[in-house]
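For reference, the structure is listed below as structure tokens.
Values in this document were obtained by computation on a predicted structure and should not be read as measured data.
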Amino acid sequence: MKTFHKDKKVYNVNSIERYAAGFPIDTNGNEKTRLLSGEWNFKWFAKVEDVPAGIESADYDCGSFDKIAVPSNWQIKGYDKPIYTNIVYPYALETKFLPLVPMVKDKQNSVGVYVTEFELKKNDQKYFIHFGGVNSCAEVYVNGKFVGYSEDTFDFQEYDVTDFVNDGKNRLTVIVYRYCTGSYLEDQDMWRISGIFRDVYLIEKPHTEIADFFARSYFKEKRSLANLKVSVKIKGDYENCKLTATLKKDGKIITSGECDVEKADICLAADVRNPELWSHETPVLYDLELRLYKDGEEIDCRKCKYGFREVRIVPMIDGKGPFILLNGKPLKFRGVNRHEFHPEYGHAVPKEKIRADLELCLKNNITAIRTSHYPNSRAFYEYCDELGILVMCENNLETHGLSFMIPNSSKLWTEQCVYRVRNMVNSYKNHACIVSWSLGNEAGFGNAFKEMKKAVLAIDDTRFIHYEEDVTGEVSDVMSEMYAPLEKMPAIGENKKVKHCNLTVFRPLGVVYKPEKYKNLPYIECEYAHCMGNSLGNFADYWREFKKYDRLAGGFIWDFADQSIKYDNNGVTEWRYGGDFGDKPNAGGFAFNGIVRADRSPNPALYEVRKVYQMPEFTLEEDVLKVKNGYMFLNIGGYNLKVSYYGDGTLMKEDAAILTSTEAGEVFEYKISVPDFDGEVNVVAELSLTKERGVLPAGHVVAYEQFLVKPTDFKLAELKGAATYTENEWEITVNSGDMQVIMEKATGAITSISVNGSEKLRKPLLPNFCRPTIDNDRWAQVNLDIVKTIMGVYKFNNAQKRMRPKNIKITENDGIVTISVLWKMAYVSGFTTEYAIGKEAINVKMKLHAKTELIRYGFSFALREEVKAVDFYARGAHENHCDRKDAAVLKRYCGVASDFNHEYLYPQENGNHTDARFLNLGNDNEGVIILANGAPFEFSVQEYSMEDLEKAQHLHELIGKKNDYYTVYVDGKQRGVGGDTPAIATLKPQYKIPRGDYSFEFRIIAK
């Protein structure tokens, strides 16, 4: 064993320069590799000193070893504890006494020893061992001899083992340390898990080989002429060698060239006329083949898929721009941040799961991914090339907890950062999908980043460079921020003086970004719309601003999937987060930020993303529906347009048309024909595919919009009078036809609503101002009770518990009995509820003055067990809120409560529906109907109690808590969910319920 893992000056011993040439191909077209992944011998040790001396020797007895799958993370397989932390480094890494940094505490540093054996029939070739990814570092031994060592978890490492392998049986031993000094550069917001987590290969290479190549294009004549350049690095004896390069499309040779190899670095070039361009919309790929001949015999062949595309940044000219141009057209990223992580596999994500993630993105109009915050596996880039996804490829660098000192301008750390960024660029430079190199994330600033930029440009000048913490305009080719609030977008779009949002320990107030410094820089939100739990509020508002200003080039949502580890606890599935394994330090439920859940089922926010990210745009001018082709390159001619007409939420008729040729930017017009109807009419237009497009099947809806062409006035017929009442010391009883209503005087609650003796209520009708706390309300970033108390997280819960009626007044007029209750409750005044009871119906009214911002105002009650059917006319079908409802179509929906609610992995408020016209609960002779009166209402129908949703911190804690009855919430308004800032509800004014006067009404009809 070595001690490299704790030597700050050692990060690579003998691993070869990374390359993009791919694996060698034999004359039959097969890769000259052998997959060594599979079941290996494995021994885990809690600390370094427990590892026996000589364990790497060729004859070490592995009889006491376990078996483990390679690739995998050993914590996922039951060894050690996974740690989920965001900013705080694991305790094995010294961070408190800064002069000692970097120092790895080996007594807290676990080790995994991997051993496998393979047979080899040696021939006149060179042999290499290739590791796709090892966390955090690997000491590699072949037949007991030390081969090499490498850090940099998420880049591949490869070693020449020609002189170490034997003809016959060989033993490969890999000693993996959980932490090394390189771990200081890997403080990403993620699960800290260890092991050999990507595939391992044995590679055969010729003694003279195509060691690397880089293909790129430079365009002329408005991209009708591409100058294709292929730079090639030859290793070995290249005397009497010839190199050929062939570009093919669908098997047809487009161009080819050859040259004698007279030096190690050579460049082939050819002009390609009218190439088909690659983009996320048109992912056209060519086949590039390089063959090396020696003395006329082919000795090496390498291949790659190649896409012609141009990415460049143009400055502001004549008041327009700046732009990021893709193939000459302005690009706005409809993106998401994605960790390469899976709840069952950790970082060892199988290829089919990677592809499924990408297909899910495309089906929801997500066409760009930032590889937060490290390079992904080779398969990811291959699929993005094929499927059409733009990639911001990010360097394996984050020092969040120590970003004030690492890497800064330290010579030691700069060298390692440059090593990492070179690894990334050299590995993936031939992938068309990559349009930007990102130097890292949340790692401060300093000379290290200038040197990294130089290193990148020395290799590749065809992509723009990104780094969010650069406020000088000298390193990053774009202005980038994370979680910049919506209100800031116009100022940035108009090139005004702004404060950069990057708040750090040493820049607590941010940094002023002067207009002249970013005048010619496009703007990207590299992280925005933080989707922790019930979140992603005002997402559509962001995109209204993005579309308004040239400079605003879109962004990447945080993030794709809830980072949870799936755990089977005696047959109970637990979706675990930080702390659930006893891991310290941990960032708790901050792992759950996904627009999809860990199992890739949608969180409601995904529907909003799909809607807002759609490319075609609809407008309705009188009776002319206009469909603008918002795609950059696609013609939507041949797409199917369906127009549906809903009367009071029920489908009346559908029309359809096939679009004629409509190029990008053009408009297709269609005259609609609204049926005569006395009630409200909503028109829904959908654009779908008539034939498959990539992974999108025929019939897939690519865009839709709704137009309320004839809104209702929300007026109800007057109540009919037939009511009388009696009262005693305890209650008020109102009889009206077959209906009876009882109010309890002590609580002011409607305790009973019955028809012909059939009781409708399971729990009383009472005012309600609380919701199960969402992540953005509970200050999840500062998970301290004292902070929640100071911020008033639970103040309405406490106020509502003490809510009491001050006065109850009864009046009778024309057969209508009205009970008015004046309430006493903290934070409100003039708070009254009124129940006007007529023939089998109740008009319910609330009126109050809010002394502070409200969470919601409305009523709650529960219905009897027999009520199961749910029928409503509102926005749906999925959950929606006042600041996240663009995707929800206004029409009628039928089902049961569970169809319209959502189970967040961290339980919280869910199932809300806005703009409700009516809610019908139960069948003909059961339940109640709620009708809007004067204005729409919001509602949810729950199977869990608010108390149980509030108390539960994991989804499995609700097992057995589902009630056999529905609890119903009817609101005048519920405030928004927010989403600008991580785990803080920075609501926009229009989505708040600020101090002021409020009232709302609805009608209850008892069936």
Check ring pair (Phe, Tyr, Trp, His ring centres under 6.0 Å) between [X] and all other residues, then give those that pass, not counting sequence neighbours.
X: Y184; result: Y89
X: Y79; result: F42
X: F4; result: F146, Y149
X: Y177; result: H5

Set of residues satisfying salt bridge (charged side-chain N to carboxylate O under 4.0 Å, His left out) with respect to [X], sequence neighbours excluded:
X: K107; result: E49
X: D187; result: R192
X: E415; result: none
X: K453; result: D477

Suppose we screen for side chain to side chain contact (heavy atoms under 4.5 Å, CB included). Which residues come up paired with [X], at least two apart in sequence or across chains?
X: L288; value: F213, A215, V230, L247, L290, C304, Y306
X: P71; value: S37, D199, A348
X: K32; value: P24, D26, Q125, E204, P206
X: T181; value: K8, P102, V104, E151

Parallel, tilted or perpendicular: ring planes of H347 versus Y374, cut at 30 and 60 degrees =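 Perpendicular, since the angle between the ring planes exceeds 60°.
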
ask   = Is there a donor-acceptor contact under 3.5 Å linking the side chains of D460 and W437?
value =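 Side-chain D/A pair, D460 to W437: present.
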
task = For S231 and R216, test the side chains for any donor-to-acceptor distance below 3.5 angstrom and give the result as yes or no.
result =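 Indeed, the side chains of S231 and R216 share at least one donor-acceptor pair under 3.5 Å.
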
key: Reference residue H339; test ring-ring contact (aromatic ring centres under 6.0 Å, His included); the match among F380, W558, F560, F154   =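 The single option meeting the ring-ring contact (aromatic ring centres under 6.0 Å, His included) with H339 is W558.
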
query = Do N586 and F581 come within less than 4.5 Å of each other through their side chains, counting heavy atoms only?
reply =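 Counting from C-beta outward, N586 and F581 never come under 4.5 Å.
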
query = Distance-only, no hydrogens or angles: does the E117 side chain make a donor-acceptor pair with backbone N or O of N170 under 3.5 Å?
reply =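 Pair absent, no side-chain N/O of E117 close to backbone of N170.
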
message = Assess whether a salt bridge exists between E344 and K353, defined as any Lys/Arg side-chain N lying under 4.0 Å from an Asp/Glu carboxylate O.
response =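 Salt bridge absent between E344 and K353.
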
